[in-house]
Chemist: 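Quick one: the structure is below, questions incoming.
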Amino acid sequence: METILFPAVDLGVIAPMFTIFTWASVLLLVDVFLIPSDSKRFTGYLALAGVLATGIVTLMIQVGRAVGPGTSIPSFSGMVVLDSFGLTITWIFLIIAAITIAISINYLPQHNIELGEFYPLILFATGGMILLGQSTNLIMIFLGIELLSITLYILTAFFYPRFTSEEAGMKYLLLGAFAAGFFVYGIALIYGGAGTVDLLEIGAFIAAQPAVVPGVLPSPEVSLVMIGGGLVLVAFGFKVALVPFHMWTPDVYEGSPTPVAAFMSVGTKGAAFSALLRVLLIGLPGLQVFWVPVLGALAAVTMIVGNIGALQQTNVKRMLAYSSIGHAGYILLGIMAANERGTEGFLFYILAYALANLGAFAVLIALEKRGEMAWSLDDFAGLWRRQPMLALAMAIFMISLAGVHPPQAFLASSWSLRRRGKVGRGRWC
Amino acid sequence: MVPISYYIMLSAALFTLGVLGVLIRRNAIVVFMSVELMLNAANLALVAFALQRGGIDGQVLVFFVITVAAAEVAVGLALLVAIFRNKRTADVDEVNQLHG
């Protein structure tokens with residue numbers, strides 16, 4: 001009988017998610033017992049304070065542990081890691097959560113769904129996203145995905161008793177649970193092949209085997225890992241809406257409350273892609289010859305179907321859903337590059353995409369506030385005369401989503417120019 | 001002792017049954033049951049591999065999967081009840097107001 005040894009734990013590594021989960025749990029109780037039902041907006045303000053507190057803790061950890069490029073502090077037997085990738089993506093998630101809560105505070109009472117648990121649920125989902133960004137173990141990735149998904153099922157159906165919202169929640173739940181089945185079976189096969197669920201150890205196991213080449217049958221263990229990796233990839237495809245696993249996306253975005261759709265479109269994508277990035281680059285780099293062509297084909301099909309699908313829509317929420325499918329294809333390219341520049345591009349793209357997409361949804365919410373449903377493209381005709389500022393903002397966000405990021409392009413190009421100047425190979429600097 | 005490969009074959013068969021159930025059956029409760037079948041097939045595979053390897057990682061994951069599945073079913077059944085109150089049906093084909 002093996003004795004169970006408790007490993008040394010470093011609470012600093014999980015400090016950001018510890019803060020946000022604690023805050024969310026306490027906020028649930030505070031909301032029920034202390035905040036009267038006609039002033040639930042205070043719950044929203046307290047949730048914003050929670051995001052701020054998490055940001056302060058994250059900053060303290062970042063400075064206190066001197067986390068920079070190359071830092072990697074594992075803890076809890078290597079289940080989670082503190083590194084600059086995890087912290088950067090944590091910052092992006094906190095920005096997304098803060099914007100979502102801010103645009104919900106007025107939206108909920110206007111649609112008579114002002115229930116206090118909305119805000120703690122957003123915090124729980126954000127905590128799940130942070131866990132996904134930091135985990136280096138398949139068990140933790142499974143937990144993070146499920147934590148994020150189960151809260152999102154509830155949030156999607158938050159328009160109770162509106163039927164379309166329940167339908168959206170049901171569709172999302174059935175497909176999400178289906179994907180979870182693939183994910184767990186994939187983990188089981190990887191565990192069967194490699195004998196471990198730790199990404200670093202899986203990577204070491206594959207590196208120790210004879211090199212895998214197409215056309216030669218690999219050993220049974222490596223074959224198990226490959227089949228398992230394929231199933232895990234299918235599950236991630238469902239979560240981030242890659243074609244052909246994208247069918248739920250337009251329905252779910254249309255049915256769910258608009259702030260939830262905004263949160264889901266950028267948050268789930270960022271979190272699931274960052275976990276996928278760790279799985280592929282830490283766990284399965286030895287199988288690169290197999291997953292690069294597969295991901296390339298998926299990315300190409302996703303970009304084409306997403307963007308052509310968006311052209312046919314007359315409902316703005318469905319159009320944004322198809323646009324988010326197309327963007328999943330672009331983000332996948334950053335992962336496929338499988339190098340440091342690709343990862344940098346991935347993080348930058350997630351931030352730029354999050355700001356543009358949240359902005360577009362915020363304009364939709366601002367229009368809904370003025371009594372228009374603003375979901376049909378016809379509602380946007382003549383918007384410049386009625387709401388010039390909103391029309392201008394929508395135009396900027398749409399141009400951003402179309403791929404011409406005016407502010408980001410400026411930042412990105414000046415940043416990469418400066419980088420070239422430092423290396424000394426620059427043509428312009 | 002029963003060889004490990006028997007367990008794996010049984011779990012693969014159960015998983016396939018679960019996938020087919022999700023794809024073919026139209027009653028939402030049966031679809032849920034099929035998803036549970038998929039998860040439990042994975043649990044069986046995990047326990048069998050853990051027995052073969054002599055480690056505990058697989059057995060630990062099984063506990064997490066059971067917990068998560070319970071949470072998922074709690075949310076799912078609540079949604080199902082809400083939909084049934086509205087439409088008096090649990091057929092996933094009749095829950096189809098959203099389409100492009």
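Below, chain A is the first sequence line, B the second, and so on; all start at residue 1. Both backbone and side-chain heavy atoms feed into the values below; hydrogens, waters and symmetry mates do not.
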Chemist: Is it the case that the side chain of R53(B) and the backbone of G193(A) share a donor-acceptor pair, with hydrogens and angles ignored and the cut-off at 3.5 Å?
Modeler: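 The answer is yes, because a donor-acceptor pair under 3.5 Å joins these two groups.
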Chemist: Looking at chain A, which one of I83(B), V73(B), L46(B), I4(B) has the largest number of heavy-atom pairs inside 4.5 Å, strictly under?
Modeler: I83(B)
Chemist: I need the residue from V252(A), I187(A), V197(A), T164(A) with the largest number of non-hydrogen atom pairs under 4.5 Å to chain B.
Modeler: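 Max contact count across the listed options: T164(A).
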Chemist: Hey, could you give me the OG/CG distance between S34(B) and L174(A), rounded to the nearest 0.5 Å?
Modeler: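 It comes to 10.0 Å.
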Chemist: Could you tell me how the ring of F182(A) sits relative to the ring of F15(B): parallel (under 30°), tilted (30 to 60°) or perpendicular (over 60°)?
Modeler: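 F182(A) vs F15(B) ring planes: perpendicular.
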Chemist: So that I know where these two stand, are F178(A) and F32(B) an aromatic pair - ring centroids less than 6.0 Å apart?
Modeler: no
Chemist: Kindly give the heavy-atom pair with the smallest separation between A71(B) and I150(A), and that separation in Å.
Modeler: CB-CD1, 3.9 Å
Chemist: Examine whether an atom of L80(B) lies under 4.5 Å from a heavy atom of chain A, and if so say whether it belongs to the side chain, the backbone or both; otherwise answer neither.
Modeler: both
Chemist: Could you tell me whether the side chain of F49(B) reaches within less than 4.5 Å of the side chain of I190(A), counting heavy atoms only?
Modeler: no
Chemist: Who wins among N137(A), I154(A), L143(A) for the most heavy-atom pairs under 4.5 Å with chain B?
Modeler: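 Option with the top pair count is L143(A).
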Chemist: Name the region of D57(B), side chain, backbone, both or neither, that has any atom closer than 4.5 Å to a heavy atom of chain A.
Modeler: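 Contact with chain A involves both backbone and side-chain atoms of D57(B).
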Chemist: Checking heavy atoms, do the side chain of T196(A), its backbone, both or neither come under 4.5 Å from chain B?
Modeler: both
Chemist: Shorter than 4.5 Å, heavy atoms on both sides: which option in E72(B), M38(B), K87(B) has the most such pairs with chain A?
Modeler: E72(B)
Chemist: By a 4.5 Å heavy-atom criterion (distance strictly below it), what part of A74(B) contacts chain A: side chain, backbone, both, or neither?
Modeler: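 Neither part; nothing is under 4.5 Å.
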Chemist: Under the 3.5 angstrom rule, does the side chain of Y185(A) hit a backbone N or O of A12(B) as a donor-acceptor pair?
Modeler: yes
Chemist: By a 4.5 Å heavy-atom criterion (distance strictly below it), what part of L14(B) contacts chain A: side chain, backbone, both, or neither?
Modeler: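 Contact with chain A involves no heavy atom of L14(B) at all.
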Chemist: Does any part of the side chain of R85(B), heavy atoms only, come nearer than 4.5 Å to the side chain of Y160(A), both counted from C-beta?
Modeler: yes
Chemist: Would you mind checking which part of I145(A) comes under 4.5 Å of any heavy atom in chain B, side chain (CB onward), backbone (N, CA, C, O), both or neither?
Modeler: neither
Chemist: Identify which part of A69(B) has an atom lying under 4.5 Å from any heavy atom of chain A, answering side chain, backbone, both or neither.
Modeler: neither
Chemist: Give me the atom names and distance for the closest heavy-atom approach of A188(A) to A42(B).
Modeler: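 Taking A188(A) first and A42(B) second, the nearest heavy atoms are CB-O, 3.9 Å.
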Chemist: Heavy-atom pairs under 4.5 Å with chain B - which of T314(A), V184(A), L138(A) has more of them than the others?
Modeler: V184(A)
Chemist: Looking at V92(B), V75(B), V68(B), which one has more heavy-atom pairs under 4.5 Å with chain A than the rest?
Modeler: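 Between V92(B), V75(B), V68(B), the count favours V68(B).
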Chemist: Counting only non-hydrogen atoms closer than 4.5 Å, does V35(B) touch chain A with its backbone (N, CA, C, O), its side chain (CB onward), both, or neither?
Modeler: side chain
Chemist: So what's closer than 4.5 Å to chain B heavy atoms on I139(A): side chain, backbone, both or neither?
Modeler: both
Chemist: Going from CG on L79(B) to CD on E167(A), what distance comes out if it is rounded to the nearest 0.5 angstrom?
Modeler: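 CD of E167(A) is found 11.5 Å from CG of L79(B).
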Chemist: What's the separation between atom CE in M140(A) and atom CZ in F64(B), rounded to the nearest 0.5 Å?
Modeler: 5.0 Å
Chemist: Any heavy-atom pair between the side chains of L61(B) and Y191(A) that's under 4.5 Å?
Modeler: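 With C-beta onward as the side chain, the pair stays apart.
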Chemist: Sort out for me which of N40(B), T67(B), V60(B), V19(B) touches chain A most, counting heavy-atom pairs under 4.5 Å.
Modeler: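 Going by pairs under 4.5 Å, I would pick V19(B).
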